[in-house]
Each structure stands twice: as structure tokens, then as C-alpha cells.
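A quick write-up on the structure given underneath.
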Amino acid sequence: MSKKVRVRFAPSPTGGLHLGGVRTVLYNYLFAKNNGGDFILRIEDTDQSRYVSGAEQYIFDCLKWAGLEPDESPVHGGDYGPYRQSERKEMYRQYAEQLIKDGYAYYAFDTPEDLEKMRRDLKTADNPSPQYDKTVRMKLRNSISLLPDETQQLLAEGIRHVIRIKMPDNETVSFTDMIRGDVHFDTSIVDDKVLLKADGMPTYHLAVVVDDHLMKITHAFRGEEWLPSAPVHILLWKYLFGLRNMPQWAHFPLILGPNGKLSKRDGAKYGFPVFAMNWTDPKTNELTEGFKEKGFLPEAFINLLALLGWNDGTEQEIFSKEELIKKFSIDRVHSGGAKFDYEKAKWFNHEWIKKSEAGSLKTEVRGLLEGKGISVGGDSLLEKVIVLVKDRCTFLTDFYDQCYFFFQSPATIDTGAIQPKWDEKKKLFFIELIRLYELASVWQHDDLEIAFKELAAANQLKPGELMLPFRIMLVGGKFGPGVFDIASILGNEETISRIKKTLTLL
RNA sequence: GGCCCGUUCGUCUAAGGGUUAGGACACCACCCUUUCACGGUGGUGAUACGAGUUCGAAUCUCGUACGGGCUACCA
């Protein structure tokens, strides 16, 4: 029986879900779906002091918005739960104890002060970050340096301790990364990582291995920042469950900001979103605008993220989620980091708005307009308006400026743009135009334009000189779709009323 | 410092030994449009450097440089 593909993502609810995180989810999701498998979401709430209340819900909200909902998670349930690490706490100790029994790990009783002292004492220019490894192991207080009786004594007394992996001396750990090929590490330069913390919670190193085994994960994908700790995980698999049962690994390249690794602060610094949705830092109370609130379509968001480090080998750039699922392949994920380009991100959104049907945009646009106190009325007018203006909207939020004047008269009229070239002759033209339009039996784009131009010719005026004033009368300024499109949608009465109103201001 | 990963136009990338090194974003010019966009046409612009292997290297190998990551009882 072949094993179904199961991939997992394990965010930590300590900060917002930023671009790198969402892209990791996306690639996990696409790979799972492409192979008919399941996408599992596990929550890494191991360190309660860093846990941010509400952050877990935030993660689910972001995934829901982006259309990347997991098949198994703390809220969706599943056969391999619980999916929240704090609820799995008891499982980890037995594996850690097993490692000690087999000689692959040991108890360490050093206090944070001891460790700090060790690091301070050993720190030199040549070795700025001393590690807890075989060179210092015997000088510290642990079950290797201590006599067995002493260790038992300390344990019996309930002295706070951690469990550390005992890195072997001169071994080479190798594994095949799905996007990088074979990677090798010399174990003698890797330190004795903590596996189980003094509070009994596992570190990521232990948890990821135990959970991946228990949850029958077949593929473990994560960011490149995890590559250096891969040897710890490989060794743990070897000691605990056997290498042949280990999932396949893939380490995705990082997403870079304008200056190195994309940081959460880059958003404020360079004026673009870095979080999927609005994120309020619980410490500073600082609000960072998300892609959703900025006016991105979720389809555009996952599209631009997918293409940041992957392509299907053709020149196609616009992909729906279904196409991405169908065409995604891990072999075509790049190994080099990609710098995030906000201009290109905007282009993706613009493309998606242009290709979206009015029907699928109307709910968002209605919400936007009504949120600003504009009564939109029925769908048919709204859809007509959306069709007319969507090509000129980069963000969903642009719809407000582009179409609010269809639903209420412009708040201000830029008469200053009319006045310099305004004269009695033009005024008479518009007075005659009003009379002409009042008598109009049909109210359609072409008829309005013909009538307008014929009247201009009769008055020996160039239509061009009259179009701008007309536009400003209708929308308040130098923007918007074609004037006769606007007039035809506005209707006879409203068009005439706006001309009259502006005439009184000039 | 050590270890690991990476390096094609400004940016995202195509080209798995033989192409005038292709596309997209951005930028520039022109066309369309008597607003602003959309759209159309064209243009500027890249294989980090040095060796080697080969008839032939962006592509394979080595070295150098540069960039990034990790080096916590964080993930």
C-alpha cells in the first residue's frame, strides 16, 4: 500500500504571518494537492512566554483568506492530533529519555548563568560564539561529566535540567535535499542542542522529529534558515525511528527585502505590506497593514508569492490556484533567494483585477463603498460601473476614487481647472447642451457623443476644449473613464443636474 | 571566526555543452486616447572574477570575490 503524501507547516504564534511564511505554506499546500495528499497545520506554541494570544486565530484567518486551508489542524481536527504542541507535551519526554538510555543524549544541569559564564570565558576573536559541544562538555555539569550517582542525586532532588543531544565525534551526516541535492555536515562542529527544555517542553528539534513521525509526515518543507540544524534532525531520525522512515526534506530559499533578509520592519520602512493581513504587534501596539487590507486579491497574492522562486518553465506568469496546483513541481523551485519587488506585486494585482469578472468583485467593491457611507443600490448599476473602471484599478481600494461619483455627486468640483479657459461662448454651449439633452429621446453613449460634437461644430468650438470642462462637471476632476460612458450611466436627469450645478459655480 | 546555502539585465526569471542569452516588472520613446489609465510598437539593460575540462561553457570542475543564513532552554 502506497503511503499518501502528507506535508506539514508549523508556524509559531509569536508574530504575524509574513511573506516568507505564507510562501512556505503555499509550496507545502501546492505540493500536497499536486500529489493528492494532505496539508497539515501544526502549531508550535512551545514557549509560552513568547506565545501571543490571538496569534493562532490570526494564522487561521490568513490561511482562510488566501484559500490555503489545511486538511488537519487544531481547529479542523484529524486522526493524528492533537496538533497544538502544548497539548502534546507528555509525548516528548519519553523519546528524550529513550535517547539517554541509548547513549545518544544526556541530562545537563547547567544554569543560564553557568552557560553565560562559559560563553564569556571562551569567547575570543577567533571564536565569537562558543558552543556547548564536545570540547566543553566535560567541564560542565551533566550526566556525562558527573558520576552516575551524582546525576541520580541531582535528578532525585528535582534540580532543573534539560536534555541535550550528544553529537557524535567524527561523523558525516548526509541527506538529500529535494531542491539542493546532497548536503553534508561534519558532526564534530555541530553543538549539543537542547532537546527538552527545563520546563518539560520540547525544542523545535525534538518536536519536529517526533511529530513528523507520529503524524506520518512524508515530506518536510521549510525555510532555508533551518538547513544548519538539519543534521540534528537527521541524527534524531536515525536514533529514534530509522533513516528509512524519514520524510524527504526540502529547504526553500529566503525571501529578501531591499537590504538583505526581508524583515517585518521593512514594511514600514519601505512602504509595502509584509504580512498577509493587518498585524498589530502586541508589544508595541504598532499596526502593520496587510496585503488584504491594502487591497490585494487573494488570487493575486498567492500568484505573486508562487512566482517568487518558482515558475513552470514557460512564459506564463498569471496562474489561478487550480493551475498552480496542477503545474507545481518542487524541481522547479529555485535554490537562490529572491528579492521581493513591490512594483511587480502591484502588477500581479492589477492583472487579477482586470481579469476578474464584475460579479466576483462586486461584494468587495460594495463593501468598500458602503464602508465609506455611500449607498450603492442594486447590483446592476454596480456591475456596469465595475466593468467600466476595473482596468484602471491597481488595488481593490482604488475602486472608491474611480467610481464613487456614480453613486453620489462629487464632493468638490475642480473649477480651478476650468476657469483659465472659460468664456461666455463655452457657457452658452453648455446651456444649449442642457436643452438638447433634455429633449433627448434616447440616452446612449454614441448618441450623446454625436449630439455633443454637432453642437460644438455649430458653435464653431473644438470638442476637445469642451470635453475637459464636461468631465469636471460630471466627476469633479481630471480623472475617470470616458465622459460619454459616464454620462450614459449617470442618466439624463443626473447629467443635466451636474452641468447646471457647475455652471452656477463658474 | 566557524559551518552551511547561494550568484544570468535594477528586480523576478528562461536557456539541463552549440540561441543574435528569451520573457515579465520597472524605466525611456513612439502610437492610440482631446482626462487618467488600459492597450499596441520599439528601446536601454545581464551570465561576479580567474583558471581548468571540451572542437565548443551561462551550463561541468576547482579557486577567489560577493551576498545570505545559522552559530539560544526562539522558531
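A note on names: the letters A, B, ... follow the listed sequences, proteins ahead of strands, and every chain is numbered from 1.
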Would you mind classifying the nucleic acid contact of [X] as base, sugar-phosphate or nothing, using non-hydrogen atoms under 4.0 angstrom?
X         : value
Ala338(A) : sugar-phosphate
Gly477(A) : nothing
Arg160(A) : nothing
His251(A) : nothing
Asp199(A) : nothing
Phe185(A) : sugar-phosphate
Arg471(A) : base
Lys346(A) : nothing
Gly482(A) : base
Ser12(A)  : sugar-phosphate
Val194(A) : sugar-phosphate
Pro481(A) : base
Val183(A) : sugar-phosphate

**Asked** Near Lys354(A) NZ, under 6.0 Å, is it more than 12 heavy atoms from other residues, nucleotides or ligands?
**Response** yes

Nearest to side-chain heavy atoms of [X], which nucleotide of [options]:
X         : options                : value
Asn127(A) : C12(B), G1(B), C25(B)  : G1(B)
Glu315(A) : G23(B), C73(B), G39(B) : G23(B)
Trp226(A) : A75(B), C12(B), U34(B) : A75(B)
Pro463(A) : C73(B), U34(B), C5(B)  : U34(B)
Ile189(A) : C25(B), G2(B), G1(B)   : G2(B)
Arg119(A) : U7(B), C73(B), C12(B)  : C73(B)
Arg392(A) : G68(B), C5(B), U35(B)  : U35(B)
Glu343(A) : U34(B), A26(B), G23(B) : A26(B)
Phe479(A) : U35(B), A24(B), C74(B) : U35(B)
Arg332(A) : A15(B), G6(B), U35(B)  : A15(B)

To the nearest Å, give me how far apart [atom1] ([X]) and [atom2] ([N]) are.
X         : N      : atom1 : atom2 : value
Asn311(A) : G16(B) : CG    : C1'   : 14 Å
Leu461(A) : U34(B) : CG    : P     : 17 Å
Asp312(A) : G22(B) : CG    : P     : 20 Å
Ile486(A) : U33(B) : CD1   : P     : 18 Å
Gln85(A)  : C73(B) : CD    : P     : 17 Å
Arg180(A) : G68(B) : CZ    : C1'   : 11 Å
Leu304(A) : U13(B) : CG    : C1'   : 15 Å
Tyr342(A) : C12(B) : OH    : P     : 18 Å

Whole-Å [atom1] distance, [N] and [M]:
N      : M      : atom1 : result
C73(B) : G16(B) : C1'   : 46 Å
U47(B) : U11(B) : P     : 12 Å
G50(B) : G68(B) : C1'   : 23 Å
U54(B) : A48(B) : C1'   : 23 Å
C28(B) : U20(B) : C1'   : 23 Å
C3(B)  : U8(B)  : C1'   : 28 Å
A21(B) : A46(B) : P     : 12 Å
U19(B) : G69(B) : C1'   : 36 Å

If pairing means Watson-Crick or G-U wobble with both distances under 3.5 Å, then the partner of U19(B) is none

As its Watson-Crick or G-U partner within any shown strand, both distances under 3.5 Å, G42(B) has C28(B)

Assigned chi class of C38(B) under the 90° convention is syn

Looking at [X], does any N or O in its side chain come under 4.0 Å of the phosphate oxygens OP1/OP2 on [N]?
X         : N      : answer
His205(A) : A75(B) : no
Lys339(A) : G67(B) : no
Lys478(A) : A37(B) : no

Using a distance-only test with no angle check, is there a side-chain donor-acceptor pair under 3.5 angstrom linking Thr124(A) and Asn127(A)? no

Fill in: Under 3.5 Å side-chain donor-acceptor pair for Asn28(A) and Arg8(A)
no

Taking for Leu468(A) and for Ala108(A) the nucleotide of RNA chain B with the nearest heavy atom, the one nearer the 5' end belongs to Leu468(A)

Per nearest nucleotide of RNA chain B, the residue lying toward the 5' end, Ile179(A) or Glu225(A), is Ile179(A)

When the ring planes of [X] and [Y] are compared, do they come out parallel, tilted or perpendicular, using 30° and 60° as the limits?
X         : Y         : result
Phe291(A) : Phe296(A) : perpendicular
Phe470(A) : Phe452(A) : parallel
Phe175(A) : Trp249(A) : perpendicular

(message) Both conditions, 6.0 Å and 45 degrees, for the charged tip of Lys264(A) above the ring of Phe275(A): are they met here?
(response) no

Exercise. Would you kindly check whether a donor in the side chain of Lys193(A) faces an acceptor in the base of A72(B), or vice versa, at under 3.5 angstrom?
Key: no

Is it the case that the side chain of Arg498(A) and the backbone of Leu474(A) share a donor-acceptor pair, with hydrogens and angles ignored and the cut-off at 3.5 Å? yes

- prompt: When the aromatic ring centroids of Tyr106(A) and His161(A) are compared, is their separation below 6.0 Å?
  reply: no

message: Quick one, Glu224(A) and Arg180(A) - any side-chain contact, counting heavy atoms below 4.5 Å?
response: yes

